[in-house]
Amino acid sequence: MIGLDVGDKRIGVAAADGLGLTAQGLPTIIRRKPDDDLDQIIRIMQERKASLLVVGFPKNMNGSIGPQGEKVIGFVEALLRRMRESGLDEPAIVYWDERLTTVAAQRTLHEADVSRKKRKGAVDRLAAVLILQGYMDREYHKRNSIENA
């Protein structure tokens, strides 16, 4: 399971631990060329044997999809197309509402007294962790509420 926070300049990446309980931040991808970005994501997914991709989906505060949301959809479509063309199995895709995730990541890093310079790269990774962890927590609670019903 991989989590992504797709931005215009960087892509935050997180991966689930072996038990699927906690999200761990991976190195942030600095965006250079679209094909290189896609190849890096595919390589990470193959290394982690990930069959699920949780992608932060930025919505406007009223719930509508804005320009950044459209960019994320385009990125995911390009990723899936690239995987199909390469003969790779496509992962299941979950779009996770990421409203305020970046704000929460910035606040956490600020409160941890991380310097502004270091915060720049860390915020995307932490946002990806929050996205993936939010998804995993929801799934955990769904499973436990069904088992205890």
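Keep in mind it's a predicted model, so treat the numbers as computed, not measured.
Using a 4.5 Å cut-off on side-chain heavy atoms (C-beta onward), I131 and L4 make no contact. The closest side-chain heavy-atom distance from V13 to P27 is not below 4.5 Å. Contact check for L26 versus R48: side-chain heavy atoms found under the 4.5 Å cut-off. Side-chain atoms of L132 and W96, non-hydrogen and from C-beta on, never get closer than 4.5 Å to each other. In this structure, the side chains of L38 and M83 stay at 4.5 Å or more apart for every pair of heavy atoms. A heavy-atom distance below 4.5 Å is not found between the side chains of I11 and I30.
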Side chains of residues 17-25: which donor-acceptor pairs under 3.5 Å do they make with residues two or more places apart or in other chains?
residue : atom : partner : partner atom : Å
D17     : OD1  : L19     : N            : 3.3
D17     : OD1  : G20     : N            : 2.7
D17     : OD1  : L21     : N            : 2.8
D17     : OD1  : T22     : N            : 3.3
D17     : OD2  : T22     : OG1          : 3.1
T22     : OG1  : Q24     : NE2          : 2.7

Using residues 86-93 as the side-chain source, report each donor-acceptor pair under 3.5 Å to any protein atom, sequence neighbours left out, with the distance given to one decimal.
residue : atom : partner : partner atom : Å
S86     : OG   : R82     : O            : 3.0
E90     : OE1  : R84     : NH1          : 3.4
E90     : OE2  : R84     : NH1          : 2.9

Can you give each donor-acceptor pair under 3.5 Å made by side-chain atoms of residues 50-57, sequence neighbours left out, with the distance rounded to 0.1 Å?
none

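Partners of K9 under the salt bridge (Lys or Arg N to Asp or Glu O under 4.0 Å) rule, at least two apart in sequence or in another chain, do not exist in this structure. Every residue two or more places apart in sequence or in another chain that forms a side chain to side chain contact (heavy atoms under 4.5 Å, CB included) with R43 is listed here: Q40, E47.
Nearest heavy atoms, G7 versus R31: O-NH1, 2.8 Å. Nearest heavy-atom pair, F75 versus D37, reported as atom, atom and distance to 0.1 Å: CE1-CB, 4.3 Å.
D35 CG to I42 CD1: the interatomic distance, rounded to the nearest 0.5 Å, is 9.5 Å.
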**OP:** Give the C-alpha distance, both sets of side-chain angles, the deciding distance and a yes or no for salt bridge (charged side-chain N to carboxylate O under 4.0 Å, His left out) between K71 and D8.
**Re:** CA-CA 9 Å; K71 288 180 186 179; D8 291 330; 3.3 Å; yes

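Sorted by first and then second residue, the salt bridge (charged side-chain N to carboxylate O under 4.0 Å, His left out) pairs with a member in residues 129-140 read E139-K142; sequence neighbours excluded.
Looking only at distances, no side-chain donor or acceptor of R10 sits under 3.5 Å from a matching main-chain atom of D124.
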